[in-house]
*Asks:* 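Sharing a structure with you now.
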Amino acid sequence: MSRYLLSLDQGTTSSRAILFDKQGNIVTSAQQEFDQHFPHSGWVEHAPEDIWQSTLHCAKAVLDQAAATAQDIISIGITNQRETTLIWDRATGEPVYPAIVWQDRRTADLCRQWQCHADEITAKTGLLLDPYFSASKICWILDNVDGCRQRAEQGELIFGTVDTWLIWNLTAGQNHVTDATNASRTMLFNIHEQCWDAELLNYFNIPPSLLPQVQDSASEFGQTDPEILGGAIGIGGVAGDQQAALIGQGCFQEGMVKSTYGTGCFVVLNTGSKALMSSHRLLTTVGYRINGEVTYALEGSIFMAGATIQWIRDGLQLIGDAKDSQLLAEQTGYDNPVYMVPAFAGLGAPYWDADARGAIFGLSRDTGIKEIVTAGLQAVCYQTRDLLEAMAGDGVDAGELRVDGGMVVNDWLVQFLADVLGITITRPKITETTALGAAYLAGLQAGVFDSLEEVAELWQEDRQFRPELPLERRQSLYAGWQEAIGRLCSR
Ligand code: ADP
């Protein structure tokens, strides 16, 4: 009898596979990094074959490690780096160009040309007009790779985000499909009508024949070709990484919010059946679509979270290991006069200031390493508060925050977060929430779980962090951050 759910987690720097049992416990996992290509300043590419082969390698590795065969797998769930854009030949499967990664800024000028449609784009897609999303990357490939526009117009080429590319390969070219969460990050998908938007396709001059069929996040995405994993396995769940984390954190009620602290930080708030349009420059997106019902989410991102600690470690060489930051912060305490604004690559939501650059304020003769390191950790928490304030400004107060990602092993950081936000923070037992979310979707489709309520019951808490700081101190710490931001942005 089949025992496992196989989750394929295709990230920006590495691919992973995790086998889960029917209770959502990790049985075994494998990970493989792959090369990043930077052909010009601001360009970021991946080899499509690396994306596929590294994923396949990890899938085979976890089956080997568990001495499992295809028959042991109930269903496959896929979660992936979002927005990254691939175009390939419908007949041969041959990519026409490398994958253009979400971080790639080459289409900034093209997006400026579309400025006259900016409001309409936001109204239809919930996104802000930006090179980050897939639409301008598709156009760039059609217009800059020899013969591509003509081949696309003749219906010879197809587009996909990474989920679509993986499913295409897993099914040996049988299925050209995506899910609603991934579609909602392309800047071509009308999130209210749940369809590719004919007007936007027309403005951007993108042939509709390029686009995959959009399905519910838990649905039949195809069967793996038997040659690939030694037997046919159904692919039953697909979601973009941040949406998968929302699901893996069991945030199924309106008002529930999760925040993932990895290289960057992504805060995603469940807004239920309402597509709440932000007046604070947050993104409105599809949280998940199950049984044809859309659950929407508001999303805010911070570019530098764990990456700030990496910079303190590798750039400044103030610490030998990221975990040393905790001890130093314990020595410094909360009342740190130093504020660091890690705007190394501009500021994300809610400021969206691409030209801002980082700064450290409040230095004095007695400032030492520990104050600077602590300021790096505190900055992540202050920025999270900026996002929750923006969400509150849009009318939704988060009652509790569920956190995950590599940084949340740092207890000091999570307690400071609780104190700065003034809300309870919960850390789950399984912090691999992205992979877990994809497994939950696959399990829902396969009937392992009957409902989201049943999935929510599986979610397990590791520890809660409650706010302990008096309101006045909380506000004065945050006021110091706002002053630092004000100084930076007014320069
Ligand atoms: P990603 O998935 O984006 O690669 P991870 O979720 O693996 O990132 O998290 C790694 C990040 O967490 C690194 O940027 C690292 O600096 C940071 N990090 C790891 N351990 C700690 C710690 N104990 N305290 C603070 N930051 C940490």
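All ligand and atom numbering here is 1-based and tracks the order in the structure. In what follows, every heavy atom counts, from backbone to side chain, and hydrogens, waters and symmetry copies are set aside.
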*Asks:* Is it the case that Asn80 and Thr161 place a side-chain donor and acceptor less than 3.5 Å from each other?
*Replies:* no

*Asks:* Give the residue and atom name of whichever protein heavy atom lies nearest to atom 6 (O) of ligand 1, and the separation in Å to one decimal.
*Replies:* Gly406 N, 2.8 Å

*Asks:* May I ask you to identify the nearest protein heavy atom to atom 18 (N) of ligand 1, giving residue, atom name and distance to one decimal place in Å?
*Replies:* Ala322 CB, 3.8 Å

*Asks:* Give the contacting part of Thr12 toward ligand 1: side chain, backbone, both or neither, where contact means a heavy-atom distance below 4.0 Å.
*Replies:* neither

*Asks:* Tell me: protein heavy atom nearest atom 24 (N) of ligand 1, and distance?
*Replies:* Asn410 ND2, 3.0 Å

*Asks:* Say whether Val409 and ligand 1 are in contact under the criterion: heavy-atom distance to a ligand atom below 4.0 Å.
*Replies:* yes

*Asks:* Once salt bridge (charged side-chain N to carboxylate O under 4.0 Å, His left out) is applied, do any residues pair with Arg16, and if so which ones, sequence neighbours excluded?
*Replies:* Asp9, Glu432

*Asks:* Give me the residue, atom name and distance of the protein heavy atom closest to atom 23 (N) of ligand 1.
*Replies:* Lys323 CA, 3.4 Å

*Asks:* Hey, what do you get for CZ (Phe303) to CG (Leu347), rounding to the nearest 0.5 Å?
*Replies:* 8.0 Å

*Asks:* Does at least one non-hydrogen atom of Gln326 fall below 4.0 angstrom from an atom of ligand 1?
*Replies:* no

*Asks:* More than 12 foreign heavy atoms under 6.0 Å from CD of Gln253: is that the case here?
*Replies:* no

*Asks:* Find the distance between CD (Gln243) and SG (Cys251) and round it off to the nearest 0.5 Å.
*Replies:* 12.5 Å

*Asks:* Relative to ligand 1, is Ala305 under 4.0 angstrom through side chain, backbone, both or neither, heavy atoms considered?
*Replies:* neither

*Asks:* What protein heavy atom sits nearest atom 12 (O) of ligand 1, and how far off is it?
*Replies:* Met407 CG, 3.6 Å

*Asks:* So which protein heavy atom does atom 13 (C) of ligand 1 come closest to, and at what separation?
*Replies:* Gln310 NE2, 3.7 Å

*Asks:* Quick one: is the NZ or CZ of Arg185 closer than 6.0 Å to the six-membered ring centre of Trp102, and within 45° of its axis?
*Replies:* no

*Asks:* Return the residue, atom name and 0.1 Å-rounded distance of the protein heavy atom closest to atom 2 (O) of ligand 1.
*Replies:* Gly262 CA, 4.8 Å

*Asks:* If you look only at pairs with a residue in residues 362-387, which of them pass as a ring-ring contact (aromatic ring centres under 6.0 Å, His included), with sequence neighbours excluded?
*Replies:* Tyr339-Tyr382, Tyr382-Phe416, Tyr382-Trp481

*Asks:* If you measure from CH2 on Trp459 to CZ on Phe252, what distance do you get to the nearest 0.5 Å?
*Replies:* 11.5 Å

*Asks:* May I ask you to list the atoms of ligand 1 that are less than 4.0 angstrom from any heavy atom of Ser325?
*Replies:* 24 (N), 25 (C)

*Asks:* Out of Thr263, Thr260, Val408, whose heavy atom sits nearest atom 4 (O) of ligand 1?
*Replies:* Thr263

*Asks:* Has ligand 1 got any nitrogen or oxygen that is less than 3.5 angstrom from a nitrogen or oxygen of Gly306?
*Replies:* yes

*Asks:* With distance as the sole criterion, is a donor-acceptor pair present between the side chains of Thr431 and Asp404 under 3.5 Å?
*Replies:* no

*Asks:* Tell me whether the count of non-hydrogen atoms from other residues, nucleotides or ligands lying under 6.0 Å of CD in Glu472 goes above 12.
*Replies:* no

*Asks:* Report, in ascending order of atom number, the atoms of ligand 1 lying under 4.0 Å from any heavy atom of Ala307.
*Replies:* 14 (O)

